[in-house]
*Asks:* 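Sending over a structure as structure tokens; questions will come in a sec.
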Amino acid sequence: MTDASQNYETGQHPDLPPPLSEVGILGWLKHNLFSSPLNTVMTILAIWFLWAFIPPVLDWMLFDAVWSADSRKECWALMEEPEGAACWAFIKSRFSLFIYGFYPEASRWRVDLSFVLLVLAVLPVLVDKMPGRKFGLIYAIAFPFIAGWLLVGGLGLEPVETDQFGGIMLTIIIGVTGISFSLPLGILLALGRRSSMPVLKMLSIMFIEFIRGVPLIALLFIASSMLNFFLPPGTVFDLLLRVLIMVTLFSAAYIAEVIRGGLQAIPRGQYEAADSLGLNFAKAQILIIMPQALKISIPGIVNSFIGLFKDTTLVLIIGMLDPLGIGRASLADADWSGLAREVYLFIAMFFFICCFGMARYSLYLEKKLHTGH
Amino acid sequence: MSDAVQEHEVREPATQMTVGDEVAVEMNAVHKWYGQFHVLKDINLTVNSGERIVICGPSGSGKSTLIRCINRLEVHQKGDIIVDGVKLTNDLKNIEHVRREVGMVFQAFNLFPHLTVLENCALAPIWVRNMSRDEAEEIAMQYLERVKIPEQALKYPGQLSGGQQQRVAIARSLCMSPKIMLFDEPTSALDPEMISEVLDVMVGLAESGMTMLCVTHEMGFARRVANRVMFMDGGEIIEQNDPENFFNNPQSDRTKLFLSQILHN
């Protein structure tokens with residue numbers, strides 16, 4: 001075949017398959033890894049880099065690591081060369097401390113049960129095709145109160161002081177509370193800031209700008225020390241509760257601005273269409289405007305959530321023992337001192353898994369909600 | 001007359017269109033300003049039920065503003081507007097009543113992109129008329145069949161062509177069983193080959209006796225279904241007449257100039 005295009009009458013040319021080098025694995029390699037000289041160089045460098053660095057890191061972290069020992073010395077004695085690999089035995093011996101903090105051992109089943117209930121509450125929120133989702137959502141709204149009762153005690157359960165809370169449990173309590181309460185509050189603040197009522201608008205702006213203009217640490221210090229000045233003497237106001245409120249307010253201010261950005265992207269025609277169909281303000285917001293504005297805001301909202309989750313480590317500064325606090329306390333133990341790498345890597349892994357999970361879920365949501373073409 | 005206009009021209013005159021003596025919309029000495037700009041000047045208009053009015057005029061003449069005042073998307077500052085026997089004031093109850101009874105079709109369609117075609121249509125009957133979902137979806141399917149796209153019911157608006165989207169928008173309004181339909185340049189954003197599919201639906205609607213106010217430059221449509229054509233300029237109604245006399249015997253110079261511009265471009 002010399003000149004195929006000559007064999008067909010004008011307007012009668014059939015669709016021909018593309019050349020082999022454009023499709024399949026070959027096509028993918030050509031387009032993605034070797035599309036230009038620079039790209040080829042970068043591909044080769046990347047392969048070399050992975051080849052040189054992945055095996056030693058895996059050796060240190062997994063294959064040469066020591067998983068059970070009673071002290072640092074015993075750990076190092078078990079290695080080919082001292083300090084040549086990770087000593088996870090340390091983390092293992094402190095594992096329950098990392099999870100529960102100083103929560104009384106006899107009552108830890110309440111924390112475990114709360115974790116399980118949390119997963120059951122999160123599922124109906126995240127998975128929209130779950131059978132019986134309606135009841136799941138009602139349960140999810142009730143969950144914070146159930147979990148609060150389980151963890152703090154009272155009403156038939158042994159009371160536990162919140163200053164005994166610590167570790168990953170504390171991180172999850174602050175993170176989940178902050179995330180679930182700051183979203184609705186942020187939506188209200190965003191609507192307030194766009195309201196045509198001047199008082200409501202000014203209050204929203206003042207709140208958002210004050211909170212955004214002050215570092216979270218300063219707010220936490222205010223929560224831990226200064227709040228007492230403003231309260232009647234003798235009032236007992238739990239420190240953890242104060243921290244939860246501050247973290248929620250802090251995150252809500254950021255979320256409000258993210259959602260305001262989403263609201264600005266909604267064309268005026270959407271409001272007009274909703275109005276012209278007879279939907280009132282609340283119905284138009286809930287059915288038409290917010291679903292679209294929140295969809296646009298997903299990357300920003302999840303960004304704020306991830307920030308909030310990591311910022312929970314700041315409670316260390318006002319004396320609460322989050323995983324970092326537990327880690328530092330553990331390193332003070334003479335039997336184990338010097339294993340900072342293991343401790344911080346372990347904590348980093350925990351935060352990474354949680355935050356990466358949130359990031360992936362947000363990508364999945366964006367894809368699922370994409371309806372434009 | 002140009003080819004473009006003839007394309008959407010009448011094949012046969014509409015027959016069963018009758019005008020009732022009930023007043024659907026009444027505007028008395030209505031004025032409106034955008035800031036300093038006086039958009040509507042002393043508008044007096046009475047529309048009887050079953051009437052089909054086509055409003056034309058140059059851009060900025062206030063014709064869109066006029067019909068948007070009828071369902072209070074725009075607020076007028078002076079004069080009275082009475083729709084379906086209800087006077088439009090700041091009273092939300094009155095506004096909601098009027099909006100339930102008045103459907104509107106926009107130039108930019110304004111479908112809800114996060115909902116399927118069927119959900120777009122069933123939404124207002126469910127949430128404003130308090131219908132059950134099944135009932136609302138049944139009605140939605142009826143109207144989607146009437147605008148000839150029932151097979152698109154489960155798609156999202158973003159997957160449809162402009163003409164299909166506008167037909168869905170018409171169906172969405174009809175699902176509320178409105179007494180009056182407002183059309184704000186429904187074909188201006190469409191590719192030429194999609195205009196007639198939308199106009200066909202509007203002609204069918206006119207033949208069913210719907211009270212219609214259409215801002216449009218489709219003069220073939222005006223000739224076929226309107227019983228009154230209005231020309232607006234500078235915020236005033238300059239001239240109104242039945243289509244026959246309006247097109248063949250325009251009175252004012254501005255109308256003549258406008259007609260010559262849109263018919264011979």
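In what follows, chains carry the letters A, B, and so on, assigned in the order in which the sequence lines appear, proteins first and then strands, with residues in each chain numbered from 1.
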*Asks:* What do you reckon, is CZ of A:R360 surrounded by more than 12 foreign heavy atoms closer than 6.0 Å?
*Replies:* no
*Asks:* Does B:F112 reach the side chain of A:P291, with side-chain heavy atoms less than 4.5 Å apart?
*Replies:* no
*Asks:* Look at atom NZ of A:K367 and say whether more than 12 heavy atoms of other residues, nucleotides or ligands are closer to it than 6.0 Å.
*Replies:* no
*Asks:* Applying side chain to side chain contact (heavy atoms under 4.5 Å, CB included) to A:I288 and B:L123, what does each step give before you reach the verdict?
*Replies:* CA-CA 10 Å; A:I288 309 299; B:L123 183 106; 3.6 Å; yes
*Asks:* Is the number of heavy atoms from other residues, nucleotides or ligands under 6.0 Å of A:E366 CD greater than 12?
*Replies:* yes
*Asks:* Taking atom CG of A:L277 and atom OG of B:S173, what is their separation to the nearest 0.5 Å?
*Replies:* 6.0 Å
*Asks:* Between CG of A:L279 and CH2 of B:W127, what distance do you get to the nearest 0.5 Å?
*Replies:* 10.0 Å
*Asks:* Show the nearest heavy-atom pair for residues B:R99 and A:G278, with the distance to one decimal.
*Replies:* CB-CA, 3.9 Å
*Asks:* Within a reach of under 6.0 Å around OH of B:Y34, are more than 12 heavy atoms found that belong to other residues, nucleotides or ligands?
*Replies:* yes
*Asks:* With only heavy atoms counted, which part of B:E119 is less than 4.5 Å from chain A, the side chain, the backbone, both or neither?
*Replies:* neither
*Asks:* At what distance, to the nearest 0.5 angstrom, does OG of A:S276 lie from CG of B:N110?
*Replies:* 8.0 Å
*Asks:* Among B:K155, B:M104, B:H114, B:R72, which residue has the highest count of heavy-atom pairs closer than 4.5 Å to chain A?
*Replies:* B:H114
*Asks:* Looking at A:F356, I want to see if its CZ is surrounded by more than 12 non-hydrogen atoms of other residues, nucleotides or ligands under 6.0 Å.
*Replies:* no
*Asks:* Answer yes or no: are there more than 12 heavy-atom neighbours, outside A:E209 itself, under 6.0 Å from its atom CD?
*Replies:* yes
*Asks:* Ignoring hydrogens and angles, tell me if any N or O in the side chain of A:K283 forms a donor-acceptor pair with the backbone of B:V128 under 3.5 Å.
*Replies:* no
*Asks:* Determine whether a donor-acceptor pair (N or O, by modelled atom type, separation under 3.5 Å) exists between the side chain of A:Q270 and the backbone of B:L111.
*Replies:* yes
*Asks:* Taking B:R172, B:M176, B:R100 one by one, which has the highest count of heavy-atom pairs under 4.5 Å against chain A?
*Replies:* B:R172
*Asks:* With a cut-off of 6.0 Å (strictly less than), are more than 12 heavy atoms of other residues, nucleotides or ligands near CZ of A:R194?
*Replies:* yes
*Asks:* Take A:N280 and B:L92 through the test side chain to side chain contact (heavy atoms under 4.5 Å, CB included) and record every step on the way to the result.
*Replies:* CA-CA 9 Å; A:N280 61 26; B:L92 278 179; over 6 Å; no
